[in-house]
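Order of the sequence lines sets the chain letters (A, B, ...), proteins ahead of strands, with each chain counted from 1. Predicted model, so just to flag it, every value in this text is computed and none were measured.
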Amino acid sequence: MTQNERTYLTDSESALEVARLLDQDKVMTRGMGGVLPEQEDLNFSSVSRILDIACGPGGWVHEVARQYPHIEVTGIDISKNTIKYAKAHAQVLKLNNAHFAEMNALKPLEFPDNYFDIVNMRTVVGFVLPDLWAGYLAECKRVLCSGGILRLTEGEYGFTNKPAHETFMALINQAQHRAHHSFSPTGHNAGMIPMLRPLLKQAGIQNLQSRAHVIDYSIDMEAHAEGVQDITNVLELIEPLFLATKVVASAEEYATLHSQVLEEIQDEGFSAVSIMLTVWGEKP
Amino acid sequence: MVDKKMNSGKIFEWRILLGKIISDTQERRRIAHMMGVNNATLTRWSKGISKPRPDGLHKLTQATPTHRQQFLELIPQEFPEISMEKRSEAKDVVQEIPVAFFEHILDAHVARQPLSRASSIRVAIVQQILSQLDPDMNGLAASISVCVPPRAGIIRSMSENLGRGTAPWHGQLEYQISFLGIESPQGCAVSQGHPIVMHSHKEKMMYYPDHEVAWEESAIACPILQAGNVAGCLYISSTQPEFFIDTIQSIVRTYAKLLTLGFAPHEFYTREQIMLGIMPANAIQQTRLHQFQQRISQRMREMQRCRPVLRPEAEISVLQDLEDELLHIPNEEAGA
C-alpha cells in the first residue's frame with residue numbers, strides 16, 4: 001500500500017503514534033467506564049465474535065478478550081507495526097481469543113457477510129473522510145450479523161481554561177477542516193459528534209441509542225498524566241499537518257505554541273475535559 | 001442475533017456473601033475505593049439489582065483477599081461464561097520478551113525527537129512490563145527513578161517521577177514525584193550496582209523500614225547500568241509474595257538493560273560519583289513537593305529573562321534545589 005492511498009492525518013506507522021494510541025486507549029476505556037459500558041443488558045454468552053476497526057496497539061481488543069474468554073475478538077488496523085505490537089501484547093497476555101490483522105478499513109473487509117455480533121470503532125475520524133462514511137458504514141454493516149450491534153465513539157476534545165491549550169485544540173479543528181477531514185461547517189469544532197446518529201441512520205442501523213462520557217484530565221485528576229503524555233505526543237505528531245494547512249505561519253510560531261501548551265498543562269490551575277459520545281444500534 | 005435478556009430472579013450466593021461483607025460500612029467504603037466504584041454499586045450488586053461486568057468481578061476478588069477463594073467458587077454459578085481462574089501465576093508468565101517489543105523501543109529510540117524520546121521509551125517499557133508480568137492484573141507496579149543531575153559532581157539522590165500500575169496501584173503512581181536516597185532499595189541497588197530482591201514484606205521491612213509501600217508483598221530494584229555507569233533504577237512491586245522468582249528476575253534485568261536507551265550518555269554516572277544521602281520519609285517530602293510543577297513554571301519564567309529555556313532544564317534546577325532542601329531538613333522535622 002502506498003502512502004497516497006491513506007487518509008490518516010498523522011503517520012500511523014510511527015513508534016510515537018503507537019505509544020500515543022496505547023496511552024489514549026487506556027484513558028478512554030477508563031474514562032468511559034469500561035470496554036462496553038453501555039451494554040449492561042446484553043447477554044454476552046450469546047456473543048461469539050467482535051470486530052474492532054482501527055484497533056491501534058490493541059488495548060480495547062485485549063481488554064474485551066480478557067474479560068470475555070469465550071468471545072473471539074478481532075482487531076484490524078492499517079499499520080503493520082501497530083498490528084505487530086498488538087499481537088506481541090496478546091502473546092504476553094496469553095490471550096488466545098484476541099486476533100489481529102493488517103487491513104485497510106476503507107477497502108472491502110476480508111470477512112464474510114453476517115460474521116460479527118458486534119462491530120466497534122472509536123475515534124476513526126482521523127482516517128474516514130466525510131464523503132467516505134456511507135461506503136465505510138455499508139461495509140461494516142455487511143460483516144455484521146442480523147441483530148448485531150454497530151458501535152461508534154467519537155469526541156470533542158480539550159475544553160479548557162488555558163489559552164494556549166484552547167488555541168491548540170482550535171487549530172487542530174481548523175487544520176482538520178482545511179484538510180477536508182471534518183463535518184464542521186466552520187472548523188470551530190471537531191464536528192463528528194452530531195453526525196454519529198444521522199450517519200448510522202442513513203446506513204440503515206436501527207434502535208439507535210447514545211451515551212456521553214466526560215474525560216477530565218485536569219491537573220488533579222487521575223487521567224492527567226496520560227493526558228499530558230497524549231498532548232505531548234500530539235504536539236509532536238501534528239506539526240506537519242499544521243504547516244501543510246497553514247493554520248500556523250511558520251515552524252517558529254508552532255514552536256512557541258508547543259512550548260506554551262506544555263507549560264500550561266502542568267500549571268496548578270489547569271482544567272480540561274473531553275467529551276466522548278457513543279452511538280450504537282442494530283442491524284435489522 | 002444478540003440476546004439482551006438479563007439473568008433475573010434468584011439471588012446467587014456470591015451476592016449474599018458480598019452483602020454480608022459490605023454490611024460493615026467501613027469495609028464497604030474500602031472495597032469501593034479499591035475497585036474505583038461507588039458504594040451504591042456494591043449494594044446494587046449484593047441485592048441483585050444490577051449486573052457487574054467481568055472486570056468488576058475480577059476487581060472484587062482482588063479487593064477482598066480473605067474471601068477471594070469463596071468468590072472464585074461462587075461467581076461462576078451465576079456467570080459460567082466468565083473465567084474467574086487466576087491465570088497468571090508467576091510461573092506462567094511468558095518468559096521471552098517478544099521481538100516486537102524490542103523493535104518498538106528501537107523505533108522510538110531512532111525516530112523520536114530528543115525532547116520526548118526519553119519519556120516515551122520509559123513509558124513504553126513500563127507498559128510492556130505490566131503486560132508481560134501481570135497479564136491478569138493481579139497487582140503490579142513499575143516505576144523508574146533517575147539520578148538527580150549533580151551541581152558539584154556528586155549524586156546525592158534519585159527522583160522517582162514515572163510509574164504505572166495495575167490495581168490496586170492503578171492511577172496512583174503517575175507523576176507523583178519523590179526523592180530516594182540510600183535508605184531505599186533503589187538507592188542501595190544503585191550504590192551497589194546490582195539488583196536487590198525482596199521476597200516478602202517482612203524481609204523488606206527488615207532492611208528498609210522507612211520505605212513501606214502499601215499493598216506491596218514482594219519487590220525488586222534493578223539498577224540501570226551501562227558499562228558500569230549508572231543512570232537510575234527500575235523498581236517493581238507485586239501484591240504477591242515470592243513473585244520475583246529467577247525467571248522473572250531475568251526478565252526484569254533485560255528490561256533494565258533496554259531502559260538504557262531511554263537515557264542520554266551524559267545521564268550515566270560513574271560509581272565513584274554515587275554518594276547518596278538519606279532522604280526523609282515520603283509523607284514529609286510531599287509537604288514540600290506539592291508545588292513541584294508550579295516551581296518549575298516559576299523557574300522557567302525567571303531563567304527566560306536571560307535566555308531561552310526549555311522545561312527540562314528548569315526542572316533539573318528545581319530538582320537540585322529540592323534535593324538540597326530535603327537533605328537539610330532539621331532532624332526533628334524529618335522524624336529522626
Side-chain angles (χ1 to χ4, degrees), chain A residues 14-16 18-20 22-23 26 30 34-37 39-47 62-63 66-71 81 84-89 91-95 117-118 145-149 219 222-226 228-229 232-233 235-236 259 262-264 266-268 282, chain B residues 1-7 36 50-51 53-56 58 79-83 87-88 92-94 97-101 103-113 115-116 119-120 123-124 127-128 131-133 135-137 164 170-175 291 293-294 296-297 300 310-311:
Chain A
S14 84
L16 175 53
V18 173
R20 186 183 78 83
L22 204 56
D23 261 355
K26 288 184 195 307
R30 201 162 65 237
V35 283
L36 290 160
Q39 305 295 333
E40 292 149 335
D41 295 339
L42 187 66
N43 183 355
F44 279 92
S45 60
S46 68
V47 176
H62 296 139
E63 192 53 30
R66 192 178 72 80
Q67 289 189 33
Y68 304 100
H70 71 286
I71 299 176
N81 284 346
K84 207 169 166 184
Y85 199 53
K87 282 181 179 173
H89 272 281
Q91 179 198 336
V92 297
L93 290 165
K94 299 194 165 191
L95 297 168
D117 298 300
I118 298 174
C145 68
S146 178
I149 295 168
I219 188 83
E222 188 182 319
H224 180 254
E226 281 123 337
V228 168
Q229 191 73 33
T232 306
N233 292 345
L235 279 163
E236 201 168 302
S259 170
L262 286 183
E263 194 175 334
E264 278 183 2
Q266 299 287 6
D267 198 74
E268 187 178 14
E282 295 167 22
Chain B
M1 171 74 80
V2 178
D3 178 10
K4 295 196 178 55
K5 288 176 186 166
M6 192 178 152
N7 292 319
S50 68
K51 176 181 164 185
R53 290 190 294 273
D55 199 39
H58 280 287
F79 303 109
E81 74 278 12
I82 297 173
S83 169
R87 289 179 297 180
S88 63
D92 292 332
V93 164
V94 171
I97 299 175
V99 171
F101 279 12
E103 287 180 350
H104 180 69
I105 300 303
L106 289 171
D107 284 347
H109 182 63
V110 298
R112 299 209 57 167
Q113 293 177 9
L115 190 62
S116 50
S119 72
S120 66
V123 167
Q127 286 171 336
Q128 291 175 9
S131 274
Q132 182 162 6
L133 299 189
D136 256 3
M137 300 185 188
R164 295 281 193 277
H170 185 90
Q172 299 191 17
L173 305 171
E174 291 86 348
Y175 280 73
Q291 289 196 318
Q293 296 296 346
Q294 290 69 49
I296 296 171
S297 299
M300 264 186 88
L310 293 174
R311 194 172 184 88

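For chain A, the nearby parts of Gln128(B) are the backbone and the side chain; heavy atoms of each come within less than 4.5 Å. With a 4.5 Å cut-off on non-hydrogen atoms, Glu63(A) touches chain B through its side chain but not through its backbone.
The shortest distance between side-chain heavy atoms of Arg66(A) and Leu93(A) does not fall below 4.5 Å. For the pair Val47(A)/Leu42(A), a side-chain contact is recorded, criterion being any heavy-atom separation below 4.5 Å from C-beta on.
Gln91(A) contributes atom CD, which lies 11.5 Å from atom OG of Ser131(B) (distance to the nearest 0.5 angstrom).
Note: Val94(B) leads Ile97(B), Ile105(B), Val94(B) in heavy-atom pairs under 4.5 Å with chain A.
Ring planes of Phe101(B) and His89(A): tilted class, angle from 30 to 60°.
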